[in-house]
S.K.: 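Below is a structure I'd like to ask you about.
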Amino acid sequence: MIQASKLPVMEHFYTLQGEGSHSGRAAYFIRLAGCDVGCVWCDVKESWDISPNQYLTIDHIVAAVGQTPTDFVVITGGEPTMHNLTELTSALHAKGYEIAIETAGVHPLKGQIDWYCFSPKKFKAPIAEAYTLAQELKVVIAHPSDFEWAEQHAAKVSASCKLYLQTEWEKQERFLPLIIDYIKRNKNWKISLQTHKYMQIP
Ligand code: SF4
């Protein structure tokens, strides 16, 4: 028997997508282990390292998704473009699932994705491909200068790419009012709230 390919999975669970364009939608999350971006404010630092016991077969992952009524799968991390997603995305598409990825856009995408959410980070420069593939640009605001930084990225994505600003969770008291004010003056942006955190769901 041929051993099915494996990917390191930190956690996988059925929940609601909390943020961005698909916010509020039921989604099966596959959080892959491994990240080489290193954001200082990262809220999933436990995803950075890969341990040998995290590897699951593609069959196992797809079967777990199949235990739920979801039609939508979100591949996140960590930084999911570190991995070759060709087999996973093929297997999920074969079952009819719509697939989104959440990425800092630092590595070429290997796999077929239906929704590319590009969330650039200051700690590792994105590659040019990320701007071409982005259907959603989600910029985390953690410093007043991040608004200008967000505009620099927005200038490079396609005209149809949806633009979101999201406060760093720990600094929301400071930045939420600034984001609201900014969007009122710059209507091409929308706000992204981490609603899963308000709902206290994963
Ligand atoms: Fe954390 Fe995501 Fe930044 Fe990686 S890219 S350090 S997982 S916030």
S.K.: I'd like to check V106 versus D36 (side-chain heavy atoms, cut-off strictly below 4.5 Å). Are they in contact?
M.R.: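 Yes, at least one pair of side-chain atoms sits under 4.5 Å.
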S.K.: Nearest 0.5 Å, what's the CD-CD distance between E168 and Q194?
M.R.: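 Taking CD in E168 and CD in Q194, the distance rounds to 9.0 Å.
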S.K.: So L193 and L176, do their side chains get closer than 4.5 Å, heavy atoms only?
M.R.: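 Yes, close enough: below the 4.5 Å cut-off.
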S.K.: Tell me every residue that passes ring-ring contact (aromatic ring centres under 6.0 Å, His included) with Y116, counting only those two or more places apart in sequence or in another chain.
M.R.: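 ring-ring contact (aromatic ring centres under 6.0 Å, His included) list for Y116, sorted by chain: empty.
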S.K.: Between H153 and Y131, is the gap from one ring center to the other below 6.0 Å?
M.R.: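 Yes - the distance between ring centres of H153 and Y131 falls below the 6.0 Å cut-off.
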S.K.: Taking only Lys NZ, Arg NE, NH1 and NH2, and the carboxylate oxygens of Asp or Glu, determine whether R25 and D71 approach each other closer than 4.0 Å.
M.R.: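 A salt bridge links R25 with D71.
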S.K.: List the steps and the verdict of side chain to side chain donor-acceptor pair (under 3.5 Å) for T57 and D59.
M.R.: CA-CA 5 Å; T57 64; D59 289 349; 5.3 Å; no
S.K.: Any side-chain heavy atom of I30 within less than 4.5 Å of one from V73?
M.R.: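 The answer is yes, as the side chains (C-beta and beyond) meet within the 4.5 Å cut-off.
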S.K.: Measure the CD-CG distance between Q172 and L178 for me, rounded to the nearest 0.5 Å.
M.R.: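 The distance works out to 12.5 Å.
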S.K.: Check for a donor-acceptor pair, side chain of T70 on one end and backbone N or O of F72 on the other, with a separation under 3.5 Å.
M.R.: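 Yes: the side chain of T70 pairs with the backbone of F72.
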S.K.: Is E151 close to W189 at the side-chain level, that is, under 4.5 Å between some pair of heavy atoms?
M.R.: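 In short, these two side chains touch, coming nearer than 4.5 Å.
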S.K.: Spell out, yes or no, whether V140 and F118 are grouped together once hydrophobic residues are joined by side-chain heavy atoms under 4.5 Å, including indirect joins.
M.R.: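 In one cluster: no.
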S.K.: Restricting to non-hydrogen atoms, name the atom on S119 and the atom on K138 that form the minimum distance, rounded to 0.1 Å.
M.R.: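 So the two residues come closest at OG-O, 2.8 Å.
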S.K.: Closest heavy-atom contact between Q17 and T195?
M.R.: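 Minimum heavy-atom contact is O-OG1, 4.5 Å.
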S.K.: Measuring centre to centre across the rings, with the benzene-like ring taken for any Trp, is H12 within less than 6.0 Å of F29?
M.R.: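 That pair fails the under 6.0 Å test.
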S.K.: If you apply the rule side chain to side chain contact (heavy atoms under 4.5 Å, CB included), what do you find for F175 with E170, and how did you get there?
M.R.: CA-CA 10 Å; F175 286 110; E170 301 294 334; over 6 Å; no
S.K.: So how far is it from I61 CD1 to L56 CG, rounded to the nearest 0.5 Å?
M.R.: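 Going from the CD1 atom of I61 to the CG atom of L56 covers 5.5 Å.
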S.K.: Going from SG on C117 to CD1 on I75, what distance comes out if it is rounded to the nearest 0.5 angstrom?
M.R.: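 With rounding to 0.5 Å, SG (C117) is 13.0 Å from CD1 (I75).
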S.K.: When you measure from the side chain of R31 to the backbone of E11, do you find a donor-acceptor pair of N or O atoms at a distance under 3.5 Å?
M.R.: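 No: the side chain of R31 does not pair with the backbone of E11.
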S.K.: If we only count heavy atoms from C-beta on, is the I101 to T89 side-chain gap below 4.5 Å?
M.R.: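 Of all side-chain heavy-atom pairs linking T89 with I101, none is under 4.5 Å.
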S.K.: Nearest heavy-atom pair of L16 and A26: which atoms, and what distance?
M.R.: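 Here L16 and A26 meet closest at CD2-CA, 3.8 Å.
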S.K.: Once you round to the nearest 0.5 Å, how far does CG of L88 lie from CD1 of I99?
M.R.: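 It comes to 6.5 Å.
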S.K.: Is it the case that more than 12 heavy atoms not belonging to E173 sit under 6.0 Å from its CD atom?
M.R.: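 Open: at most 12 neighbouring heavy atoms sit under 6.0 Å from CD of E173.
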S.K.: Near Q112 CD, under 6.0 Å, is it more than 12 heavy atoms from other residues, nucleotides or ligands?
M.R.: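 12 or below, so no.
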S.K.: Please say which of Q166, E136, E19 ends up in a side chain to side chain donor-acceptor pair (under 3.5 Å) with S192.
M.R.: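 Answer to the side chain to side chain donor-acceptor pair (under 3.5 Å) test with S192 among Q166, E136, E19: Q166.
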S.K.: Answer yes if L32 and Y14 sit in the same cluster of Ile, Leu, Val, Met, Phe, Trp and Tyr residues linked by side chain heavy atoms under 4.5 Å apart, and no otherwise.
M.R.: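 Same cluster: L32 reaches Y14 through Ile, Leu, Val, Met, Phe, Trp or Tyr contacts under 4.5 Å.
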S.K.: Would you say NZ of K162 has more than 12 non-hydrogen atoms from neighbouring residues, nucleotides or ligands within 6.0 angstrom?
M.R.: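 Check fails, neighbour count at 12 or below.
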S.K.: Taking side chain as C-beta onward, heavy atoms only, is T15 less than 4.5 Å from H196?
M.R.: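 Answer no - side chains too far apart.
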S.K.: Check which hydrophobic residues are tied to Y55 through side-chain heavy-atom contacts below 4.5 Å, counting indirect links as well, and list them.
M.R.: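 For the cluster that includes Y55, the remaining residues are I50.
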S.K.: Without swapping roles, check the side chain of E129 against the backbone of L109 for a donor-acceptor pair under 3.5 Å.
M.R.: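 Side chain of E129 to backbone of L109: a pair is present.
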S.K.: Counting heavy atoms not belonging to K110, are there more than 12 under 6.0 Å from its NZ?
M.R.: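 Yes, because the 6.0 Å sphere around NZ of K110 holds more than 12 heavy atoms from other groups.
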S.K.: For S47 and G78, which heavy atoms make the closest approach, and how far apart are they?
M.R.: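 Where S47 meets G78 most closely, the heavy atoms are OG-N, 3.0 Å.
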S.K.: Identify the two heavy atoms, one from P126 and one from P120, that lie closest to each other, and give their separation to 0.1 Å.
M.R.: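 Here P126 and P120 meet closest at CG-CB, 4.0 Å.
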S.K.: In the structure I gave you, are the side-chain heavy atoms of S145 and E148 within less than 4.5 Å of one another anywhere?
M.R.: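 Result no, sub-4.5 Å side-chain heavy-atom pair not found.
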S.K.: Under the criterion side chain to side chain donor-acceptor pair (under 3.5 Å), I'd like the reasoning laid out for E102 against W115: C-alpha separation, chi angles, the key distance, then a yes or no.
M.R.: CA-CA 9 Å; E102 295 184 340; W115 189 260; over 6 Å; no
S.K.: Backbone N or O of E98 within a donor-acceptor pair of the D114 side chain at under 3.5 Å?
M.R.: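 The answer is no, because no donor-acceptor pair under 3.5 Å joins these two groups.
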S.K.: Please check if W149 and L137 belong to a single hydrophobic cluster, counting links between Ile, Leu, Val, Met, Phe, Trp and Tyr side chain heavy atoms closer than 4.5 Å.
M.R.: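 Yes; tracing contacts between hydrophobic side chains, which count when under 4.5 Å, links both residues.
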S.K.: If you group Ile, Leu, Val, Met, Phe, Trp and Tyr by side-chain heavy-atom gaps below 4.5 Å, do L163 and L165 land in one group?
M.R.: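 As far as the 4.5 Å side-chain criterion goes, L165 and L163 are connected within one cluster.
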S.K.: So, the side chain of D146 versus the backbone of A142: is there a donor-acceptor pair under 3.5 Å, distance only?
M.R.: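 Side chain of D146 to backbone of A142, a donor-acceptor pair under 3.5 Å: yes, one is there.
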S.K.: Would V157 end up clustered with I113 when hydrophobic side chains under 4.5 Å apart are linked, directly or stepwise?
M.R.: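 Yes, V157 connects to I113 through the hydrophobic network.
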S.K.: Could you pull out all donor-acceptor pairs under 3.5 Å where a side-chain atom in residues 38-45 meets a protein atom, sequence neighbours excluded?
M.R.:
unit_1	atom_1	unit_2	atom_2	d
D43	OD2	K197	NZ	2.5
K45	NZ	V40	O	2.8

S.K.: Test your reading of the model: is there a side-chain donor-acceptor pair from H83 to the backbone of L85, 3.5 Å cut-off?
M.R.: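 Between the backbone of L85 and the side chain of H83 there is no qualifying donor-acceptor contact (under 3.5 Å).
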S.K.: Just verifying a value: how many Å separate Y182 OH and F147 CZ, rounded to the nearest 0.5 Å?
M.R.: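 Those atoms lie 7.5 Å apart.
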S.K.: Grab the two heavy atoms, one from Y97 and one from V65, that are nearest each other, plus how far apart they are.
M.R.: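 Between these two residues, the closest heavy atoms are CZ-CG1, 3.5 Å.
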S.K.: Using side chain to side chain donor-acceptor pair (under 3.5 Å), reason through S5 and E87 one step at a time and then give a plain yes or no.
M.R.: CA-CA 8 Å; S5 295; E87 282 188 54; 2.5 Å; yes
S.K.: Dump the intermediate steps for ring pair (Phe, Tyr, Trp, His ring centres under 6.0 Å) on W169 and Y198, then the final yes or no.
M.R.: CA-CA 10 Å; W169 179 253; Y198 291 102; 5.1 Å; yes
S.K.: What's the verdict on side chain to side chain donor-acceptor pair (under 3.5 Å) for E79 and T103, showing C-alpha distance, side-chain angles and the deciding distance?
M.R.: CA-CA 6 Å; E79 176 42 60; T103 174; 2.6 Å; yes
